[in-house]
Amino acid sequence: MILTRIELADWRAVHSWASLAQVCRFQTWGPNTEEQTRAFVVAAVEAWSRSPQQRFAYVARVEGDVVGMGELHIRSRGQGQGEIAYAVHPRVWGEGVGTGIGKGLLVRGFEDIGLHRIYATCDPRNLASARILGKLGMTWEGRHRHTALIRDGWRDSDVFSILEDEWRALRRPRAHRTDEQAEDR
């Protein structure tokens, strides 16, 4: 899986999941019409030319096929704060695409942009998304109540974050032997 900048030509692939009720179940958007998806992709592409850039939208490609997308939003350059979000086509749920998107966004946020803290939110009912955030090394910080009005009522948001030093510790190469293995020699 690779992350590439979103392009106008990606709108149909994005629409293939943005139009599905199960993908947007916990979101304030969707299911999208073609017009809504096109407008979203146009705005995401245009964000790449803004200065200073605050929004970085990518698509996830597996063997050239667009199967998901992710975004990094700079929430405060001065405080080094960013937020990540992602969506994945249901046909590849459970295959590591969401985790791959998240890792790519964290690399860009910490290593390319130099952020201090990156956070994400998810509906507490979205257990799959919470698992992804945990796999990324993010810490559950708490729950914000009634943050968004969605189709089935007010949604709470669980907040997860990771700090740059935590990210760097996760990225350090690990020793190949445990202490016990070393003593056996």
Side-chain angles (χ1 to χ4, degrees), residues 1-50 53-74 82-113 115 118-123 125-138 150 157-158 160-162 164 166-168 170-174:
M1 188 217 72
I2 61 168
L3 286 182
T4 60
R5 272 188 191 191
I6 194 168
E7 299 173 359
L8 292 174
D10 295 326
W11 83 266
R12 284 190 191 281
V14 172
H15 189 66
S16 73
W17 68 77
S19 61
L20 301 175
Q22 72 255 42
V23 173
C24 56
R25 176 177 173 212
F26 303 116
Q27 305 301 325
T28 57
W29 55 269
N32 282 5
T33 64
E34 286 187 358
E35 184 178 305
Q36 289 169 321
T37 301
R38 270 193 231 109
F40 168 81
V41 171
V42 165
V45 169
E46 288 175 355
W48 282 96
S49 62
R50 299 225 193 301
Q53 189 174 350
Q54 299 294 109
R55 180 181 181 196
F56 301 80
Y58 300 92
V59 291
R61 297 180 190 278
V62 173
E63 297 178 8
D65 189 23
V66 175
V67 295
M69 69 165 302
E71 291 193 51
L72 169 65
H73 290 261
I74 308 301
E83 179 181 11
I84 62 170
Y86 47 84
V88 178
H89 197 293
R91 72 180 150 85
V92 295
W93 282 357
E95 296 181 17
V97 174
T99 303
I101 293 170
K103 284 180 183 175
L105 295 173
L106 293 177
V107 166
R108 281 158 177 82
F110 288 124
E111 297 178 16
D112 298 344
I113 299 172
L115 295 174
I118 297 175
Y119 68 92
T121 64
C122 73
D123 187 306
R125 299 170 295 175
N126 192 344
L127 302 179
S129 188
R131 275 193 302 276
I132 289 170
L133 298 172
K135 286 179 187 177
L136 295 174
M138 299 180 95
I150 62 176
S157 291
D158 281 350
F160 294 78
S161 74
I162 186 167
E164 64 183 317
E166 295 166 338
W167 170 253
R168 297 206 189 291
L170 289 174
R171 300 285 286 179
R172 274 191 215 114
R174 294 192 176 114

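Partners of Arg91 under the side chain to side chain contact (heavy atoms under 4.5 Å, CB included) rule, at least two apart in sequence or in another chain, are Asp65, Val67, His89. Every residue was checked against the salt bridge (charged side-chain N to carboxylate O under 4.0 Å, His left out) condition with Glu7, not counting sequence neighbours, and none meets it. With sequence neighbours left out, the salt bridge (charged side-chain N to carboxylate O under 4.0 Å, His left out) criterion links Arg55 to Glu71. In this view, Trp167 and Phe110 satisfy the ring pair (Phe, Tyr, Trp, His ring centres under 6.0 Å) rule, not counting sequence neighbours. A search for side chain to side chain contact (heavy atoms under 4.5 Å, CB included) contacts involving Ile113 returns Phe56, Leu72, Ile74, Arg77, Leu115, not counting sequence neighbours. Under the rule for a side-chain hydrogen bond (donor to acceptor under 3.5 Å, both in side chains), the partners of Ser129 that lie at least two apart in sequence or sit in another chain are Tyr86. A search for side chain to side chain contact (heavy atoms under 4.5 Å, CB included) contacts involving Arg125 returns Phe26, Asp123, Ile150, Asp152, not counting sequence neighbours. Scanning for side chain to side chain contact (heavy atoms under 4.5 Å, CB included) contacts around Ala128 gives Asn126, Arg131, with sequence neighbours left out. Legend: residues meeting salt bridge (charged side-chain N to carboxylate O under 4.0 Å, His left out) with Glu83, ordered by chain and number and at least two apart, are Arg75.
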Step-by-step side chain to side chain contact (heavy atoms under 4.5 Å, CB included) determination, Ile101 to Met1
CA-CA 8 Å; Ile101 293 170; Met1 188 217 72; 4.0 Å; yes

Going through the checks in order, is the side chain to side chain contact (heavy atoms under 4.5 Å, CB included) test met by Trp11 and Val42?
CA-CA 8 Å; Trp11 83 266; Val42 165; over 6 Å; no

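Atom CG of Leu105 is separated from atom CG of Leu3 by 6.0 Å, given to the nearest 0.5 angstrom. Atoms CG and CG, from Leu20 and Asn32 in turn, are 10.0 Å apart once rounded to the nearest 0.5 Å. To the nearest 0.5 Å, atom CE of residue Met69 and atom OG1 of residue Thr4 are 10.5 Å apart. To the nearest 0.5 angstrom, Leu8 atom CG is 8.0 Å from Glu46 atom CD. Distance check, rounded to the nearest 0.5 Å: CG of Leu127 to CD1 of Ile132 gives 11.5 Å. Distance check: Ser161 OG to Leu136 CG gives 12.0 Å after rounding to the nearest 0.5 Å.
Using a 4.5 Å heavy-atom threshold, the side chains of Leu133 and Asp158 count as separate. Considering only heavy atoms from C-beta on, Val62 stays 4.5 Å or farther from Val92 through its side chain.
Counting only residues at least two apart or on different chains, the salt bridge (charged side-chain N to carboxylate O under 4.0 Å, His left out) pairs with a member in residues 30-45 are Glu34-Arg38. Residue pairs satisfying the side chain to side chain donor-acceptor pair (under 3.5 Å) criterion with at least one member in residues 17-29, sequence neighbours excluded, are absent. Legend: side chain to side chain donor-acceptor pair (under 3.5 Å) pairs involving residues 93-109, not counting sequence neighbours, sorted by first then second residue: Tyr58-Arg108.
Contact between Ile6 and Ala44 at its shortest, heavy atoms only, is CG2-CB, 3.9 Å.
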